[in-house]
Amino acid sequence: MSLLEVSDLSVAYGDLVAVRQVSFAVDEGAVFVLLGANGAGKTTILRAISGLVPARSGRIFADGRDLQGSAPNQVARAGIAHVPEGRQIFANLSVGDNLSVSYLAERTEAPMTAALDAVFQLFPRLAERRRQLGGTLSGGEQQMLAIGRALMNFPKLLMLDEPSLGLSPVLADLVFERLATIRALGTTILLVEQNATCLELATDGIILANGEVALAGGRDSLRDSEFVRRAYLGI
Amino acid sequence: MSSIETTMLPVLQAVLSGILVGGVYGLLSIGLSLAFGVMRIVNFAHGDLVMYGMYVGVVASTLLGIDPLLALPASFVLMAILGALQYRIVFRRFVGHTTLNQLLAAIGLGLALQMAAQLVFGVDARSAPSMFAGSYDLVGPFFFARAQIVAFLVAGVATIAVELLLRKTQWGKAVRAVADNIEAAEIVGLRSQRINLTAFALSCGLAGIAGTIMVTYYPTDPTKGFTLMPIAIIATTIGGLGSVGGAFLGGIFCGVIQQTTAMLWNSALQDVPLYFLLLVFIAYRPTGLFGQRSE
């Protein structure tokens, strides 16, 4: 059974339809990518899954559970973590508090210190900056913090909205490297990207254009598609 | 005694009395500051909860025959419950940005509370002296009313407790996270509505404590809350809206200015420099001395 199943999802802002009849399923252990240009509806899909925007129609099931009408905190408590566009860390809280406030005892048997240790092992930089305010971190460090915060609840599914945006190529590589580690540790990943280089990491995914699914398939069929060649490689 | 001492001693006395009075102004203000800092709610009904806190002391003293200081926990709990109800019914709709509708709702609520107090308690001034009433302490050349010393201590302990609660506990971190970014707080699993409700209840509970402690040396009537609001607003503006410790220091600052003005000039005009300071701060330093960045 799929970990996440989205069927015929449509989302509109007023009269503007941002997402139209999108369906896809993310299997356990997958790295599923939502690839598409700016304005293709990628962020809106993640926000609908998290309950931050209401769906106009369609269904979203996580682990067989209907997420319709769930508040964002309930989606998070169901094990679906969201690393939002623009990171959205708590700027006035220290790095340590950003992480500890995101720990929910009901999600896991592991004590908070174990969760903190796991995050610091993945991102040693955060341990060094533990007492610093979140708002004073560099962009790359904020991205690490946003991912670390999402991991504090031992999610089953980690959704990331353009984690490489605005990062130097070196830092972007580091972030993707860590995502590979997170996946190896058993977390399923749903990755939103504009950049087709993320296909290296992917198992499968869909390509979105103007709010609709333009193409769905495994990594290789996406990479070799006319669509990706034209849009991203310029050939 | 030299002439410098004879002029300076009364001023110093006024400064020290001002600090004591100001501590309680600080306690009035931290609840107001908390509601604004976390939810961007300017609660004009806050003073009326202080007034109800004063009547809790009056009821304890006259009806139950116990010392009003022993009613402090009850006052905190009652006003916290009243605050939670207010949040559920009214302020829940206005979280996140101060709007004209929010201000009007708060003023309307305050007036309703005031009318209700008039119906229940009448319009006459009432007081509730504690066991410390009428005692004075001499410290060197200075003297202090013991009721005010006790009030200052209660205010100081309450302020430190709130600061520790916000800084050190998981609940406090959650409150600050919701204040910082409510959407991000939700997606990491924090129940923002429930957290706001408890923060608002705490803010109102503090108003209750402030009222009960104040009525031990200062008589109350149903309009008292409204007349106390300007001081609380000035103290939070000077201290910095949203900063708990800042609001406490702002309250002390107001108390000192008030008492020295009364001593050097005229007690009928004791609040005039405060209003002037309020204008200066709003014009030149709207974030106050310890306030958060404004958006």
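What you are looking at is a predicted structure, and each value in this text was computed from that prediction instead of being measured.
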Neighbour count >12 (heavy atoms, 6.0 Å) for atom [atom1], [X]:
| X | atom1 | result |
| --- | --- | --- |
| A:F154 | CZ | yes |
| A:R56 | CZ | no |
| A:Q132 | CD | yes |
| A:E109 | CD | no |
| A:Y13 | OH | yes |

Using modelled atom types and a 3.5 Å cut-off, is there a donor and acceptor pairing between side-chain atoms of [X] and backbone atoms of [Y]?
| X | Y | answer |
| --- | --- | --- |
| B:N181 | A:F90 | no |
| B:Q170 | A:S100 | yes |
| A:N153 | B:V188 | yes |

Q: For residues A:N73 and B:S192, determine if any side-chain heavy atom of one lies less than 4.5 Å from a side-chain heavy atom of the other.
A: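 Not in contact.
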Q | Within-4.5 Å side-chain heavy-atom neighbours: B:E183 and A:H82 | A | no
Q | From CA spacing to verdict: side-chain contact (heavy atoms from CB on, under 4.5 Å), B:R176, A:N92 | A | CA-CA 8 Å; B:R176 289 189 293 131; A:N92 295 314; over 6 Å; no
**Q.** Residue selection (most heavy-atom pairs with chain B, distance under 4.5 Å) from A:V83, A:I89, A:L93
**A.**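 So the answer, after comparing A:V83, A:I89, A:L93, is A:L93.
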Q) Under a 4.5 Å heavy-atom cut-off, does chain B meet the side chain of A:Q74, its backbone, both or neither? A)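 No part of A:Q74 comes within 4.5 Å of chain B.
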**Q.** Contacting moiety of A:M112, where chain B heavy atoms sit under 4.5 Å
**A.**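 Only the side chain of A:M112 comes within 4.5 Å of chain B.
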Q | Inter-residue atom distance B:D180.CG - A:N98.CG, 0.5 Å rounding | A |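 The CG atom of A:N98 is 7.5 Å from CG of B:D180, to the nearest 0.5 Å.
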Q: Output the distance between atom CD1 (B:I187) and atom CZ (A:R47), rounded to the nearest 0.5 Å.
A: 8.5 Å
Q.
Let's go through B:R191 and A:R77 carefully: what are the C-alpha distance in whole Å and the side-chain angles of both, what is the deciding distance for side-chain contact (heavy atoms from CB on, under 4.5 Å) to 0.1 Å, and is it a yes or a no?
A. CA-CA 10 Å; B:R191 299 180 172 110; A:R77 281 163 194 269; 3.3 Å; yes
